[in-house]
There are 2 protein chains.
Amino acid sequence: MTQDRLSQTFSALADPTRRALLARLSQGEANVSDLAKPFLKEMSLPAVTKHLKVLERAGLITKSRDAQWRPCKLNGEPLKDAVDWMEHYRVFWEQSLDRLGEYLKGKGHGRKR
Amino acid sequence: MTQDRLSQTFSALADPTRRALLARLSQGEANVSDLAKPFLKEMSLPAVTKHLKVLERAGLITKSRDAQWRPCKLNGEPLKDAVDWMEHYRVFWEQSLDRLGEYLKGKGHGRKR
DNA sequence: TGTGTATTTAACCATTAGGTTAAATATAAA
DNA sequence: TTTATATTTAACCTAATGGTTAAATACACA
């Protein structure tokens, strides 16, 4: 199925290998074999290539060419829409922290000691 | 595979039906058939049940019991970790906006007219 | 023109995801 | 105890995911 943009972003992020690749790329450009190195005990090079392709199709990275190397660069823009979507729900994770905060501040008016 | 928490959250969000279910629940509790109603032209009730189960396993909703109804309630906490992860990349979507901002402010010192 | 290094593609496989229909279960109420 | 409504489970199907190995391609250089 041709997924909508947001689904594509979220499903690209739904894999720890791919998140680790993005984390590595947040420190700077790197080519495929550099990126693959930390994973070659766990999986093959073509497996990493496939993960990179998923990230590329999601627009989260772009590959350029330098001789036989393919330097990859992180592109954060798709994350903006994802975060924007999630921000609508901020109240749903902050409300529980509020309750915790009020409890800790002793606003319970003597309830629970 | 038993996924890590973050992967489970992102993959739960990687489906438009499930995001729509969460959007509906952000307006308040609803039971399964209420939630399913907008989707029954596109899919069956058991399909919706499955989506709700995915959201439940991801900790994004909780179901309670009221006679034969199963009221569902949104739980935003897993989204916090997801947003926290993404915030590390904020600079990667803001930097391009900065460049746009600087361009618009004419900070280009005459380059590119 | 080979040769070495980097990367991708092809062909395949097992598991998961997302859907279906039919049957089972839970609960209230006649 | 039957009936009606709400929901889930079972069994099944197809396509997508994430991995493999082997072969192909891209490029620099002796």
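In what follows, chains are A, B, ... by sequence order, proteins preceding strands, each numbered from 1.
- Distances shown here put a side-chain N or O of B:R65 below 4.0 Å from the OP1 or OP2 atom of C:dT27.
- Using a 4.0 Å cut-off, no side-chain N or O of A:K63 falls inside it from OP1 or OP2 of C:dT7.
- Side-chain N or O atoms of B:R18 include one that pairs as donor or acceptor with a backbone N or O of B:A12 at under 3.5 Å.
- Each of B:W69 and B:L40 belongs to its own hydrophobic cluster when Ile, Leu, Val, Met, Phe, Trp and Tyr are linked at side-chain heavy-atom distances under 4.5 angstrom.
- Under 4.0 angstrom from either OP1 or OP2 of C:dG18 there lies at least one side-chain N or O belonging to B:R18.
- Between A:S11 and A:W69, the one whose closest nucleotide on DNA chain D sits nearer the 5' end is A:S11.
- Contact check for B:D34 versus B:N31: side-chain heavy atoms found under the 4.5 Å cut-off.
- For D:dT17, neither phosphate oxygen OP1 nor OP2 lies less than 4.0 angstrom from any side-chain nitrogen or oxygen of A:H51.
- For the pair B:D66 CG and D:dT5 C1', the computed distance is 13 Å after rounding to whole Å.
- Side-chain N or O atoms of A:Y89 include one that pairs as donor or acceptor with a backbone N or O of B:A23 at under 3.5 Å.
- Secondary structure note: stems in DNA chain C built from 3 or more consecutive Watson-Crick or G-U wobble pairs under 3.5 Å occupy C:1-30 with D:1-30.
- In this structure, the side chains of A:E87 and A:V83 come closer than 4.5 Å at one or more pairs of heavy atoms.
- Here the side chain of A:R19 pairs a donor or acceptor atom with the backbone of A:L13 at under 3.5 angstrom.
- Following rounding to the nearest Å, A:L13 (CG) and D:dT17 (P) show an atom-to-atom distance of 14 Å.
- Distance CD (A:Q68) to C1' (D:dA28): 6 Å, rounded to an integer number of Å.
- Contacts with DNA chain C (heavy atom under 4.0 Å) in residues 30-50 of chain B: B:E42, B:M43, B:S44, B:P46, B:A47, B:K50, listed by number.
- The distance between atom CG of A:L55 and atom P of D:dT17, rounded to the nearest whole Å, is 13 Å.
- In this structure, B:R19 places its CZ atom 15 Å from C1' of C:dG18, rounding to the nearest Å.
- Atom C1' of nucleotide D:dA16 and atom CZ of A:F10 are separated by 20 Å, given to the nearest angstrom.
- If you take CG of A:D4 and P of C:dG18, they are 13 Å apart, rounded to a whole angstrom.
- A:L22 is listed as a side-chain neighbour of A:I61, based on a closest heavy-atom distance under 4.5 Å.
- To the nearest angstrom, C1' of D:dA16 lies 13 Å from CG of B:D15.
- Every residue meeting the side-chain contact (heavy atoms from CB on, under 4.5 Å) condition with A:A14, not counting sequence neighbours, appears here in chain and number order: B:F10, B:S11.
- Residues A:T17 and A:F39 have side chains in contact (heavy-atom distance under 4.5 Å, counting atoms from C-beta outward).
- The residue among A:R70 and A:A14 whose nearest nucleotide of DNA chain D is located toward the 5' end is A:A14.
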